[in-house]
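Report on the following structure.
Per chain, numbering begins at 1; letters A, B, ... match sequence-line order. When reading the values below, keep in mind they use all heavy atoms of this one structure, side chains included, and skip hydrogens, waters and symmetry mates.
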2 protein chains.
Amino acid sequence: MEQRAAQRSGAVDKRRQILDAAVTVFARQGFHATRVSDIADEAGVAYGLVYHYFNSKDQVLNELFLERWSLLLAAIEEAEKTDASHRDKLGACAGFIFESYRHDPRLMKVIIVEVTRAANSFGRTHLEEIRRAYAGIARIVADGQEAGEFRADIDPRFASQAFYGAIEQLLTEWIFDDVEVADARFEEARNLLVTTICDGLEPR
Amino acid sequence: MEQRAAQRSGAVDKRRQILDAAVTVFARQGFHATRVSDIADEAGVAYGLVYHYFNSKDQVLNELFLERWSLLLAAIEEAEKTDASHRDKLGACAGFIFESYRHDPRLMKVIIVEVTRAANSFGRTHLEEIRRAYAGIARIVADGQEAGEFRADIDPRFASQAFYGAIEQLLTEWIFDDVEVADARFEEARNLLVTTICDGLEPR
DNA sequence: TGCTCCTGATTGACCCGTCAATCGGTTTTC
DNA sequence: GAAAACCGATTGACGGGTCAATCAGGAGCA
């Protein structure tokens with residue numbers, strides 16, 4: 001799965017090309033409604049080549065998901081390590097997710113719609129990786145509680161679900177609208193979230 | 001669509017039987033993975049009869065969704081009308097949703113997984129109804145702001161997304177776990193939510 | 001009561017389009 | 001020259017939806 005072989009001389013990396021094309025069509029039509037031939041066409045590549053690089057249509061999506069999700073997990077771990085306030089740590093997590101959307105809205109659309117929220121198909125497959133993210137956020141909340149920064153009477157896992165759920169719902173609206181989101185909105189969204197949730201978590 | 005004809009003498013309402021069976025199999029296998037024959041088998045009814053009562057497999061799901069969602073919309077409107085605090089109004093909305101899950105977890109699973117979160121298929125189809133719920137919640141937030149009960153520097157639509165997103169994410173976890181949820185957990189979940197979000201919305 | 005007719009519910013075999021995946025071949029590259 | 005990359009026609013499973021045939025019970029009639 002990690003052969004990703006050093007590409008020959010000037011040849012374009014067809015594999016990458018296929019992955020990128022897949023993002024485009026998955027985002028446009030949804031995973032289920034895209035035929036493998038759509039991916040190949042979009043990539044300007046022969047049908048069979050998709051199967052040369054991937055075992056199945058599923059594997060293409062898996063690869064796209066893991067590629068990005070591993071970055072998120074790394075970002076959360078990174079946030080944990082800093083010595084910022086716990087509020088800021090949560091802000092960093094939210095920031096990374098919003099940033100991912102800004103960086104490539106279509107990829108995030110695919111990940112959210114086809115994996116993260118797809119409880120019957122890929123969501124189940126990748127449950128472990130997905131939950132690892134929730135757990136990371138929950139750890140930050142728990143630490144914040146121990147430090148007296150957050151109120152202690154709320155289950156950290158509950159809090160992390162609410163936090164993550166709120167983020168995803170905001171993104172989902174942008175996804176549905178399929179509208180260009182101004183840069184300022186990203187900052188705004190992140191601040192809103194951290195403000196609302198973290199203020200709600202503050203000790204009374 | 002509303003013929004639902006006076007059923008002959010002692011005959012069971014086959015139509016209802018089919019809908020109930022559909023909930024069972026959709027919840028178990030997911031909409032996409034269930035064949036129409038699965039529904040018929042589960043209902044103990046012939047394949048063709050499903051098409052006698054419904055135009056398509058899609059219509060079966062639509063019916064299930066609308067049946068429940070219209071109750072939610074009514075509940076939100078109801079909450080708006082009371083003269084409770086706005087915090088309590090939001091609590092009532094969250095309460096109704098959690099209550100729906102308690103009442104029939106499988107139906108809520110189907111609605112959330114196959115409609116509400118299915119941005120590519122039924123989510124798009126029912127976008128209008130879904131958004132009507134968000135809008136109702138946003139109205140409550142806006143009213144609360146006007147009454148000075150909530151801070152005014154947060155877009156009510158943002159707040160409603162965060163609120164609804166948090167609820168759905170909590171439910172999603174229960175759905176994934178597929179585990180019996182103790183009654184006490186429902187109360188706890190509702191209180192947590194209202195506490196976290198509403199405290200976060202309080203004026204500072 | 002017994003018979004026929006009629007209506008609409010019910011049945012399930014079958015048609016038919018749709019893809020995912022395979023495979024045998026050709027071209028490129030080293 | 002051989003291995004890897006590339007091509008796209010072909011296959012075969014699969015499942016939604018159709019429809020002609022059957023069945024059951026009520027109405028009309030004598």
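Without hydrogens or angle criteria, A:K57 side chain to A:T34 main chain gives a donor-acceptor distance under 3.5 Å.
When the nucleotides C:dA21, D:dA5, C:dT10 are ranked by their closest atom to the side chain of A:Y53, D:dA5 comes out on top.
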What nitrogen or oxygen pairs link the protein and nucleotides 13-15 of chain C at under 3.5 Å?
none

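Sequence neighbours left out, the pairs with a member in residues 156-171 of chain A that pass side-chain hydrogen bond (donor to acceptor under 3.5 Å, both in side chains) are A:R117-A:E168, A:R117-A:Q169, A:D155-A:R157, A:Q161-B:Q169, A:Y164-A:E168, A:Q169-B:Y134, A:Q169-B:Q161. Identified under the side-chain hydrogen bond (donor to acceptor under 3.5 Å, both in side chains) test for residues 179-191 of chain B, with sequence neighbours left out: B:R102-B:D183. Pairs engaging residues 47-56 of chain A under the salt bridge (Lys or Arg N to Asp or Glu O under 4.0 Å) rule: none recorded [sequence neighbours left out].
If you take CZ of B:R16 and C1' of C:dA9, they are 19 Å apart, rounded to a whole angstrom. One atom, CZ of B:F54, and another, C1' of C:dA9, lie 15 Å apart when rounded to the nearest Å. One can place CG of A:L49 at 14 Å from P of C:dT28, the figure rounded to the nearest angstrom. Rounded to a whole Å, the OH atom of B:Y51 is 18 Å from the C1' atom of D:dA20. Distance CZ (B:R15) to P (C:dG8): 18 Å, rounded to an integer number of Å. If you measure from atom NZ of A:K57 to atom C1' of C:dT18, you get 11 Å, rounded to the nearest angstrom. Look at CD on B:Q59: it is 15 Å from P on D:dG16, rounded to the nearest Å. We find that CD1 of B:I39 is positioned 16 Å from P of C:dG12, with the value rounded to whole Å.
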Before giving the answer on side chain to side chain contact (heavy atoms under 4.5 Å, CB included), spell out for B:V194 and B:R87 the whole-Å C-alpha distance, their side-chain angles and the decisive distance to 0.1 Å.
-> CA-CA 7 Å; B:V194 175; B:R87 186 192 181 98; 3.8 Å; yes

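Here A:E114 pairs with nothing under the salt bridge (charged side-chain N to carboxylate O under 4.0 Å, His left out) rule; sequence neighbours left out. The ring-ring contact (aromatic ring centres under 6.0 Å, His included) test applied to B:H86 returns no partner, not counting sequence neighbours. In this structure B:F26 satisfies the ring-ring contact (aromatic ring centres under 6.0 Å, His included) test together with B:F31, sequence neighbours excluded. When the side-chain contact (heavy atoms from CB on, under 4.5 Å) test is applied to B:S100, the partners found at least two apart in sequence or on another chain are B:R68, B:F96, B:M108. Here B:E149 pairs with nothing under the salt bridge (charged side-chain N to carboxylate O under 4.0 Å, His left out) rule; sequence neighbours left out. Here B:T24 pairs with B:R106 under the side-chain hydrogen bond (donor to acceptor under 3.5 Å, both in side chains) rule; sequence neighbours left out.
Residues of residues 115-124 of chain B that place a heavy atom closer than 4.0 Å to DNA chain C do not occur. Contacts between residues 20-38 of chain A and DNA chain C, counted as heavy-atom distances below 4.0 Å, involve A:T34, A:R35, A:V36.
In this model, the phosphate group of C:dA9 is approached by a side-chain N or O of B:H52 to a distance below 4.0 Å at OP1 or OP2. Applying the 4.0 Å criterion to OP1 and OP2 of D:dC6, one finds that A:K14 has a side-chain N or O inside that range.
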